[in-house]
Protein chains: 2
Amino acid sequence: MTRLPVPERRRALIAAAIRVVARDGVAATSTRAIAAEAGMPLGALHYVFVSRDDLLAAVIDTVTAGQRVAAESVLPHPDTQPPASGALLHTFGALLHTGLGRFLDLLEAEPEREVAVLELNLYTLRTPAMAGTMRAEYEETYQALVPVLARAARACRCASTVPLRDVARLLVTAVDGLTTTWLADRDCAATRRVAALVADGIAALFAPLAPDAAAGQGDEPGAPHDHPEGGLHHADHP
Amino acid sequence: MTRLPVPERRRALIAAAIRVVARDGVAATSTRAIAAEAGMPLGALHYVFVSRDDLLAAVIDTVTAGQRVAAESVLPHPDTQPPASGALLHTFGALLHTGLGRFLDLLEAEPEREVAVLELNLYTLRTPAMAGTMRAEYEETYQALVPVLARAARACRCASTVPLRDVARLLVTAVDGLTTTWLADRDCAATRRVAALVADGIAALFAPLAPDAAAGQGDEPGAPHDHPEGGLHHADHP
DNA sequence: CAAGATCTTGGTCGTTCGACCAACTTTGGA
DNA sequence: TCCAAAGTTGGTCGAACGACCAAGATCTTG
C-alpha cells in the first residue's frame, strides 16, 4: 500500500471500522475484518492503534460527534417561513412534526446506521472505562439541543412551560424510543402516527407568548423566560 | 452431576445463560461460560442444544415472554381504588404515572436486566432468521396492551381519542426511550420528570366519558368506543 | 549523501471459541 | 435379570481471534 501518514491511516481505519460495524455488527468487527475492509495488512492497524478497544473508542467518538450534529438538525431552522398570524402554537408542533419525519426518513433509508449506534452504545455501557464518557456525551447533546429549542420557540412566538432542558431530554427519549420500536416491528405507518402524537404532546408543553412581549428583552440565546438552567425547581404551571 | 432429564437441564441452561448475558453481555456468553455458570461440563450443553445459536434463541424466547407480562403489569389494576367523583381524567394520568414509576424502580434496581434485553434485541436484529420473529413479538405486546389500556380507561371513565393500538405502541416507544436514555446518563430525577411529562401527554389523548354512557353498552374487552382494530383511519377529534 | 525517523509487511505466538466424539454410567421396561 | 435407551464426561479438533515482532522499505533531515 502507498505510504500514508498516521493521521490519514487513522481516519481510514475508523471509517472502515464504522462500515464493518454497520454491516456486520460489533461482534463481527475484528481487527482482521477492519484491516480487510480498509485494504491494508493487519500489522498496519496495530501500528496506529494500540489495541482493538482503542480503535473502537475512536469509532465511538466519531459516530457520537456525528450523532450530535444530527440531533441538532432534527429541529429544522424556522427562518424559512416567517410565522404568520394565528395558530402560532400549531406552528411549533408542525416544526417538530417535520423534524421527526425527517429523522424517520433517514432511519428507514439506512437502518444499519442506527443499529450500529445502538450497538456501540451498548458496547460503551459494557466497558466500565467509557461508562462515564457516555453520560457526558448525552449531557452535551441535551445542552446542544436547548438553544435550538429556544430559537424555534422564539420563532413560533411561544415559550415552554417546563425547563427547556427537560424538553430536550424528552426529545432524545422520543427519538430513541421511535428508533428502537421501528427497528423491532418495521411498521413505518404506525411509527409516523406515533411520531405525530409525540410532536403534538411536546408542542402542548409550549404556551403562546403575549404579542407585546414577543419583541421583548430576551434576544440572546439562553431563553431567559423559560428556565434555561434546568435546575431542580419543579415545573410550576401558572 | 446428578442425572437430569433433558427438559430440566434445558431450563437450567437457559437460566444460566440469562445470568451470564445480564452479567457479562452477549459477546461474552460463550458455551463454556454458560456451562460453567450452570455447573455442568461443556458436553452436556451440546447434548441438549444443537448449537450456541439454538440456545440463544431459546433464551430470547424466554426473556421476551417475561417481557410481555412485565409490559402488561406497567398499567396497574385500577380496581383497588374505585374512581371518586371529579378529576376523572387526572386519574388516568396518575395511573400511567405510577405505572411508569414502577417500571423505573425496576430499571434502577437492576439495570443489567434491561441491558440484557437490549443486547438480545440487537442480536435478534442481526440474525436474519429471527428478524421476523421480533416483529411478531412486538405485535403481540401491542395486542396484549390494548385490553389493559381499555380496562384502565373504562375504570377512569374516559375513552381514547386515537386508536388504542397506537396508544399501546406509543407506550412501548416511551418505555424503550426512557430505558435507553436513563441507561445512557443515569439521571434518575430527570428521567422521572420526563416520565411525568410522558404520562401527562398520553393521558391528554383520553377524553372524559359522558356519565350516562359510562355504564353503557361496551363491557366486553375490546373497547368498542375507541377504535379497537387500530386501522388506517386517522384520529378524528370530536 | 548519509542516517535516523517513519512507515510497511508478513509471519507467529498463545488463547479462546464452537463443535464433535468415543467411552462410560445410569435408568427403566421386557 | 438383561439390555437398549437415555444421560454424562473429558478430551480433541480446526478455526478465528488479539497482540506482537523482526526485517525491510521509504521518507526526511542534517
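Chain naming here is simple, since letters A, B, ... match the order of the sequence lines and numbering starts at 1 in each.
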message = Between Asp185(B) and Arg135(A) (salt bridge meaning N to carboxylate O under 4.0 Å), is one present in this structure?
response = no
remark   = The single option from Gln67(B), Arg68(B), Met130(B) that satisfies side-chain contact (heavy atoms from CB on, under 4.5 Å) with Glu137(B) is Arg68(B)
request  = Round to a whole Å and report the spacing from CD of Glu8(B) to P of dG7(D).
outcome  = 11 Å
Under 4.0 Å protein heavy-atom contacts per nucleotide of nucleotides 2-20 of chain C, with B for base, S for backbone only and - for none = ----BBBBB------BBB-
inquiry  = Could you tell me if Tyr142(B) and Asp187(A) have a donor-acceptor pair between their side chains, going purely by distance under 3.5 Å?
reply    = no
ask   = How far apart are the closest heavy atoms of Leu178(A) and Thr173(B), and which atoms are they?
value = N-CG2, 3.4 Å
query = Please give, in whole Å, the distance from dA16(D) P to Asp24(A) CG?
reply = 14 Å
Point-to-point distance, once rounded to the nearest 0.5 Å, from CG of Asp200(B) to CG of Leu205(B) = 11.5 Å
